Visitor: 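One structure is given below, represented as structure tokens, and several questions about it will come after.
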There are 2 protein chains.
Amino acid sequence: MEKPDTGKYALHAKILKALAHPTRLFLVDALGKKEHCVCELTEMVGADTSTVSRHLSLLKNAGIVGIEKRGTNVYYALKIPCALNFLRCSREVMEASLAEQIKAIRKQ
Amino acid sequence: MEKPDTGKYALHAKILKALAHPTRLFLVDALGKKEHCVCELTEMVGADTSTVSRHLSLLKNAGIVGIEKRGTNVYYALKIPCALNFLRCSREVMEASLAEQIKAIRKQ
DNA sequence: TGGTTATTTGGCAATATAGCCAAATAGAAA
DNA sequence: TTTCTATTTGGCTATATTGCCAAATAACCA
């Protein structure tokens, strides 16, 4: 068994970290349906443009989304469609975790 | 489409965040094979006991692992086996992301 | 050219996270 | 009881993350 902080675990954690934020999950969900420019996403998210831009560039750095410039707009699109499967998959974990937590509360 | 910071996305992000650390991924991997006490895990991880204990309690709060006290030891076990499927699933994302990043570097 | 719009980036403050050491706690055994 | 071991928690520092505003940049249009 490999120790943590070796490549494998660090890399894996990096990807999870990139997705581990409500706004970024929202963005990935939205981009999974179709590409959007920053202004559209800003409108959907309801935060400052600069904030949304930073979240998007973080996702870009993780290799999850890509960009295409058209006119003054920058269009973001999901580059890794399997990220959606992964999210669906992790939602099961979320639901199971929730169920466990409810059980734990009842036990108190 | 639901806005971020509503329950669904926040909860999902919480679970991902709990897993988004090299040491915690390592711990989940180890506990996926069999239960372990903190001292065993500390040995495997190679960090301070207090650090490992804190990572474990974070996983416990997320509902991912559970404990059983036996003697002076505390045994941790994976409470949500589907977390392993999820990790396998997210590894695909990691690999795809890596491939995309390599492509991006080549383009420069 | 100058002006307008979309986006990114610098800078800052608030907050969260991670790690260690040392102290507190819990249980087992002498 | 005291002592020992395993684990958790308090306290601290260092670092990372988030979000906003304001300034910089980029691409278009007049």
Side-chain angles (χ1 to χ4, degrees), chain A residues 3-6 9-28 30-31 35-62 64-77 104, chain B residues 3-6 9-28 30-31 34-62 64-77 104 108:
Chain A
K3 285 219 176 183
D5 272 319
T6 25
Y9 290 105
L11 190 60
H12 198 167
K14 203 184 137 199
I15 300 285
L16 291 177
K17 221 164 151 183
L19 291 164
H21 189 286
T23 299
R24 293 195 291 272
L25 286 176
F26 176 90
L27 291 169
V28 170
L31 297 173
E35 63 159 31
H36 287 286
C37 64
V38 180
C39 55
E40 288 168 336
L41 295 168
T42 296
E43 173 69 23
M44 290 189 235
V45 168
D48 197 273
T49 314
S50 66
T51 300
V52 175
S53 173
R54 282 232 158 84
H55 281 302
L56 287 166
S57 86
L58 202 153
L59 288 171
K60 182 158 67 92
N61 283 335
I64 296 164
V65 302
I67 63 167
E68 195 187 314
K69 297 186 184 183
R70 290 208 295 277
T72 60
N73 294 304
V74 177
Y75 285 85
Y76 279 80
Chain B
K3 285 218 174 182
D5 272 320
T6 24
Y9 290 104
L11 190 60
H12 198 168
K14 202 184 138 199
I15 300 286
L16 291 177
K17 223 165 149 182
L19 292 163
H21 189 285
T23 299
R24 293 196 291 271
L25 286 176
F26 175 91
L27 290 169
V28 170
L31 297 174
K34 69 185 193 72
E35 62 158 32
H36 287 285
C37 64
V38 180
C39 56
E40 288 168 338
L41 294 168
T42 296
E43 173 69 24
M44 289 189 234
V45 168
D48 197 273
T49 315
S50 65
T51 300
V52 176
S53 172
R54 283 230 158 87
H55 281 303
L56 288 166
S57 85
L58 202 152
L59 288 171
K60 183 158 67 89
N61 283 335
I64 297 163
V65 302
I67 63 166
E68 195 186 313
K69 296 184 184 183
R70 289 208 295 277
T72 61
N73 294 304
V74 176
Y75 285 85
Y76 279 81
Q108 280 170 5

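Remember, predicted model here, so these are calculated numbers, not experimental data.
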Visitor: Could you work out, with ring pair (Phe, Tyr, Trp, His ring centres under 6.0 Å) as the rule, every residue matching A:F26, not counting sequence neighbours?
Guide: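 Result, ring pair (Phe, Tyr, Trp, His ring centres under 6.0 Å) vs A:F26: B:Y9.
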Visitor: Can you work out whether A:L58 or B:L56 has the more 5'-proximal nearest nucleotide on DNA chain D?
Guide: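 Checking each residue's closest nucleotide, the 5'-ward one belongs to B:L56.
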Visitor: Show me the donor-acceptor pairs, under 3.5 Å and distance only, between side chains in residues 36-47 of chain A and residues at least two apart or in other chains.
Guide:
| residue | atom | partner | partner atom | Å |
| --- | --- | --- | --- | --- |
| A:H36 | ND1 | A:E40 | OE1 | 3.1 |
| A:E40 | OE1 | A:C37 | N | 3.0 |
| A:T42 | OG1 | A:V38 | O | 2.8 |

Visitor: Establish, with yes or no, whether the OP1 or OP2 oxygen of D:dG19 is under 4.0 angstrom from a side-chain nitrogen or oxygen of A:H21.
Guide: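 Affirmative; the distance criterion is met.
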Visitor: What is the distance from CG of A:N61 to C1' of D:dT17, rounded to the nearest Å?
Guide: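 In whole Å, D:dT17 C1' and A:N61 CG are 14 Å from each other.
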Visitor: Run the side-chain contact (heavy atoms from CB on, under 4.5 Å) test against B:K60 and tell me which residues pass, sequence neighbours left out.
Guide: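 B:K60 satisfies side-chain contact (heavy atoms from CB on, under 4.5 Å) with B:V65, B:I67, B:Y76 once adjacent residues are dropped.
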Visitor: Identify the two heavy atoms, one from B:A18 and one from B:A62, that lie closest to each other, and give their separation to 0.1 Å.
Guide: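 Closest heavy-atom pair between B:A18 and B:A62: CB-CB, 3.6 Å.
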Visitor: By side chain to side chain donor-acceptor pair (under 3.5 Å), which residues pair with A:S53, not counting sequence neighbours?
Guide: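 For A:S53 there are no side chain to side chain donor-acceptor pair (under 3.5 Å) partners, ignoring immediate neighbours.
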Visitor: Strictly below 4.0 Å, heavy-atom distances to any atom of DNA chain C: list the hits from residues 42-51 of chain A, or just say none.
Guide: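 Contacts with DNA chain C under 4.0 Å: A:T49, A:S50.
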Visitor: Take the protein atom NE2 of A:H55 and the nucleotide atom C1' of C:dT7, then report the distance between them rounded to whole Å.
Guide: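 Result: 16 Å.
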Visitor: Figure out the CG/P separation between B:L16 and C:dT17, and round it to whole Å.
Guide: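 The distance from CG of B:L16 to P of C:dT17 comes to 14 Å, rounded to the nearest Å.
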Visitor: Please check the phosphate of D:dT7 (OP1 and OP2 only) for any side-chain N or O of B:R54 closer than 4.0 Å.
Guide: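 False: B:R54 side-chain N/O out of range (4.0 Å or more) of D:dT7 OP1/OP2.
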Visitor: Once side chain to side chain donor-acceptor pair (under 3.5 Å) is applied, do any residues pair with B:N61, and if so which ones, sequence neighbours excluded?
Guide: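 Side chain to side chain donor-acceptor pair (under 3.5 Å) check on B:N61 returns nothing, list empty.
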Visitor: Whether A:K17 contacts D:dA16 is assessed here as follows: a side-chain N or O lying under 4.0 Å from the phosphate OP1 or OP2. Is that the case?
Guide: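 No.
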Visitor: Could you tell me the separation between the CG atom of B:L41 and the P atom of D:dA6, rounded to a whole number of Å?
Guide: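 Distance, rounded to whole Å: 14 Å.
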Visitor: Measuring from atom NE2 of A:H12 to atom CG of A:L16, what distance do you get when rounded to the nearest 0.5 angstrom?
Guide: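 Spacing of NE2 (A:H12) from CG (A:L16) equals 4.5 Å.
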Visitor: Rounded to whole Å, how long is the line connecting atom CG of A:L27 with atom P of C:dT7?
Guide: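 Computing the A:L27:CG to C:dT7:P distance gives 13 Å.
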Visitor: Please, which pairs that meet salt bridge (Lys or Arg N to Asp or Glu O under 4.0 Å) have at least one residue in residues 65-77 of chain A, sequence neighbours excluded?
Guide: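 Sorted pair list: A:E35-A:R70, A:E68-A:R70.
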Visitor: Which residues in residues 64-77 of chain A have a heavy atom closer than 4.0 Å to any atom of DNA chain D?
Guide: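 Within this stretch, A:G71, A:T72 sit under 4.0 Å of the strand.
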Visitor: Among A:L58, A:V52, A:L19, which one satisfies side-chain contact (heavy atoms from CB on, under 4.5 Å) with A:R24?
Guide: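 That would be A:L58.
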Visitor: Taking the nucleotide of DNA chain D with the closest heavy atom to each, which residue, A:R24 or B:V38, is nearer the 5' end?
Guide: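 The residue mapped nearer the 5' terminus is B:V38.
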